[in-house]
Each structure stands twice: as C-alpha cells, then as structure tokens.
Amino acid sequence: MTNASDEEAYTRLAAEGAAPLWRYYGSLFLPEPKPTAVPIVWHYKALREVAMHFAESLSIEDAARRVLMLVNPGLQDPPATVNTLFSGIQILLPGEQAPAHRHTANAFRFVIEGSGVYTTVDGERLYMNPGDLLLTAGWKWHDHFHPGDNPMLWLDGLDYPLVNLLEAGFYEQGADRFQKSVVPDGISTRQFIHGRLNPVWLNSQERHSPLGSYPWVETERALAAIGDDADGCEHDGVSLEYTNPLDGGSVLPTIGCRVQRLRPGFVGRPRRQTSSVICHVVRGSGSTEVGGKTLEWQEKDVFVIPGWLAYQHRNGSRDEDAVLFTSSNEPVMKALNLYREEAV
Ligand code: 1HN
C-alpha cells in the first residue's frame, strides 16, 4: 500500500471491515448528550376514546394485552417512550382476563381509573385502585383479571428498550393461562405497610422492592403529612421517591418512581439531568417547558423529559395542587456513574 492514494487506503480499510477513528470523533464524542427522544405530551382524553373503541372491537383473547403504546416520534424502532423506557395505556373490561406470562424486562403499573382488577404476580393477588403503583419485577409471572363492573385503565411502564439493547430479553408464556393464588392477597404490601418497621424474617437480597404494590392511600397520607410545612425541591416540588424498604434504593433496578406535588402557583427552577423522565398527571393541570418547548398538560395526560434537556414545571392553577407520578432511568444512570444534573 506504500504508493497507494488515501482514497485507495480508505477503500481498503472498509474492505477489511475497519474504519478511521479521525473521521468519527465529531459524532462519537459529543461535548454533551443530545437525546434522540423529543419532548411531547400524549392527551388522555383522546387516547381513552381509542382505548374504549378497541375494548369493544378487539377481544382480549386476540390482543393478550390491550395496550396503546406511547411512541416517541424520535424513537420508533424499537418503539420507546424515552431512550430506555416504554409506557403505554392498558384497558381491561369487566370479565376479561389477560393471560399469564413473564419476561426479563421489569414493569410497573400505575392505576389511572376504575377498580376491581387484581393482577397476580408470582401467585400473589394485588388489587388495583386509582393511584396505586404495582410492581412486576423481571421474570415474575403476571396475569390480570377483572371481576368488577367498570372498564379499568392504567399506565404500564417497562424497561424493555434497555433490556433489548443489552440483548438480555427472555419471554415465556404460562403453561396455565392463569396463576393460582398461593399466598394471602396483598401480603407483600401489608407486611411492609409502615415503611420503617420491616419484617425481620424477610431479608431478600433481590435488586427490587419486596412490595407488590404501593397503595394510593399511603401515598396521599405521606403528601398530606408534609402539607405545606416543608419547602420541597425547588425543581420538582414536594417530590417523594417510592423506595425499597430493605435498602432505601429504587423500586426496580432500572426504574425509579416518584410522586410530585406541585403546590398552587408553583413555578420550578429550571434544571437538567442525564436521566430521562416519563410524567403522568395524577391530577391538576399546568405546563412544563422542556428543551425550549412548552408542553401543556391536563389531568391523566403523559409527557416526557428526555435526558439533558432543561425543564421547568409550572402548576397552571393558583388554587389547586398539581400531582405528577414520574418514572425515570435515574437508577441506571447512577449505577453506571453516568448521572449528572445542573440548575440552568
Ligand atoms: C406487558 O407484558 C404488559 O403484562 C403491559 O400487562 C405492557 C408492553 C410491552 C411488552 C409487554 C402486561 C407491555 C407488556
């Protein structure tokens, strides 16, 4: 190759299945992260109508899970809501059963409306009511049954975009369509209900919370106990993290969940962080500026804050609280020493 031109050398390099680093610096090493996901809101009112349509036209036998995927325009293949996380809205009608399966992806559900459904997670029945957070850590069997009498809708959250990127996805359908109840209903939640009195006979070394559910009554009680007596976080309001009571860590190894109360008239101080966040509006209305775009949100809507975009929350009401339920990949960023944040 001594007398060859550079052009010939580049062609030869490509033919050998290699590449010149000096031509890639600009795209491989950015001065700072540039998210592929875009800031966007999904409006619940419209999605609920579509969910109701498919609840009538598509049987649960055909769908298995009737989920409307919240696909970020920047992340269509594979479909994701933010870089490592997926969220969707699931509907189950009275009398329906979503059959048992398990996957290595971790999942949670946050109940939007209705009651009566129980999800069975590794043989434990967990009843679902509005505002409850339910966990299905990776590889646990889960099926959902609706013995009640009104449609039920909830927000699903999964880390499959990350699990698939890591090529660690396994999936299995249950040999039996539905699991038998093998422990008392809701026992995992009840035995940890106080939050600081842990059962000493349970010392799971698992990397996820031992609780199957975090009932809304407890969440509401925690917010009410604080009331207006503490300032809260200047960026995120009165922001409480759902924790693993055994180690104080996140509820799932790859997903952290919080509830955030933005007081009437709250205007957050802008900031950015490398983690990406999916926000669901439990109640109230307002707006969040994300990367220079203003996202207007109403009760039950979902919006996203992709990593490293500056965001600023505003409660649009002078009289009413706005309450958000948020899920993020902060535990992944922290575990890998990639978490950074700054006020902007
Ligand atoms: C899943 O298994 C459920 O079990 C919900 O309810 C949403 C989205 C993608 C892949 C699997 C469920 C899902 C999902």
Side-chain angles (χ1 to χ4, degrees), residues 42 44 47-48 50-51 54-55 58-72 75-130 132-148 151-179 208 212-213 251-252 254-255 257 278 280 302 304 325 327 329:
W42 289 270
Y44 184 70
L47 287 173
R48 187 187 193 280
V50 180
F54 284 112
L58 175 69
S59 75
I60 197 68
E61 285 68 32
D62 286 341
R65 298 289 192 274
R66 224 189 265 107
V67 178
L68 305 180
M69 305 170 79
L70 306 182
V71 183
N72 192 292
L75 301 169
Q76 313 234 18
D77 188 23
T81 309
V82 292
N83 53 2
T84 70
L85 299 174
F86 159 89
S87 258
I89 290 171
Q90 181 161 177
I91 183 165
L92 197 66
L93 295 181
E96 290 185 333
Q97 300 185 305
H101 67 199
R102 62 177 175 173
H103 32 69
T104 45
N106 293 279
F108 71 78
R109 297 163 226 299
F110 186 86
V111 182
I112 303 175
E113 62 171 285
S115 57
V117 169
Y118 60 80
T119 179
T120 306
V121 179
D122 271 0
E124 179 187 4
R125 289 180 180 174
L126 304 164
Y127 280 86
M128 298 167 67
N129 288 293
D132 293 356
L133 169 66
L134 295 105
L135 303 180
T136 309
W139 212 234
K140 288 187 184 284
W141 291 106
H142 53 289
D143 58 73
H144 318 309
F145 176 53
H146 195 348
M152 194 154 172
L153 294 100
W154 63 82
L155 184 76
D156 287 304
L158 286 94
D159 60 4
Y160 76 72
L162 177 65
V163 173
N164 288 349
L165 176 75
L166 297 173
E167 298 180 339
F170 293 82
Y171 172 89
E172 198 179 356
Q173 243 166 324
D176 296 322
R177 243 176 111 70
F178 305 104
Q179 299 171 76
H208 59 79
S213 73
V251 288
L252 294 167
T254 52
I255 311 177
C257 295
I278 301 174
H280 161 72
V302 178
V304 292
F325 167 80
S327 54
N329 56 16

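Indexing begins at 1, ligand by ligand and atom by atom, following the structure's order.
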Query raised in the report: Between Arg66, Arg65, Arg102, which one has a non-hydrogen atom sitting closest to atom 4 (O) of ligand 1?
Result: Arg65
Report task. Determine, step by step, whether Asn83 and Asn329 satisfy the side-chain contact (heavy atoms from CB on, under 4.5 Å) criterion, reporting the C-alpha distance in whole Å, the side-chain angles of both residues, the deciding distance to 0.1 Å, and the verdict. Result -> CA-CA 9 Å; Asn83 53 2; Asn329 56 16; 3.1 Å; yes
Query raised in the report: Which of the atoms of ligand 1 are close to His142, meaning less than 4.0 Å from one of its heavy atoms?
Result: 2 (O), 4 (O)
Query raised in the report: Does any non-hydrogen side-chain atom of Trp141 lie less than 4.5 Å from one of Asp143?
Result: no
Query raised in the report: Which residue holds the protein heavy atom closest to atom 2 (O) of ligand 1, what is that atom called, and what is the gap in Å?
Result: His101 NE2, 2.7 Å
Query raised in the report: Can you list the ligand 1 atoms lying under 4.0 Å from a non-hydrogen atom of His144?
Result: 4 (O), 6 (O), 12 (C)
Query - side chain to side chain donor-acceptor pair (under 3.5 Å), paired with His142, selected from Gln179, His101, Arg102 - result: His101
**Report entry** Trace of the side-chain contact (heavy atoms from CB on, under 4.5 Å) decision for Thr81 with Trp42
**Finding:** CA-CA 11 Å; Thr81 309; Trp42 289 270; 3.8 Å; yes
**Report entry** Protein residue, atom and distance nearest to atom 11 (C) of ligand 1, heavy-atom basis
**Finding:** Leu158 CD2, 3.8 Å
Query raised in the report: Heavy atom of His103 under 4.0 Å from ligand 1?
Result: yes
Query raised in the report: Would one find an N or O of Tyr160, backbone or side chain, under 3.5 Å from an N or O of ligand 1?
Result: no
Query raised in the report: How many angstroms lie between atom CG of Leu93 and atom NE2 of His146, to the nearest 0.5 angstrom?
Result: 7.5 Å
Query raised in the report: Mind checking whether Tyr160 and His103 have ring centres under 6.0 Å apart?
Result: no
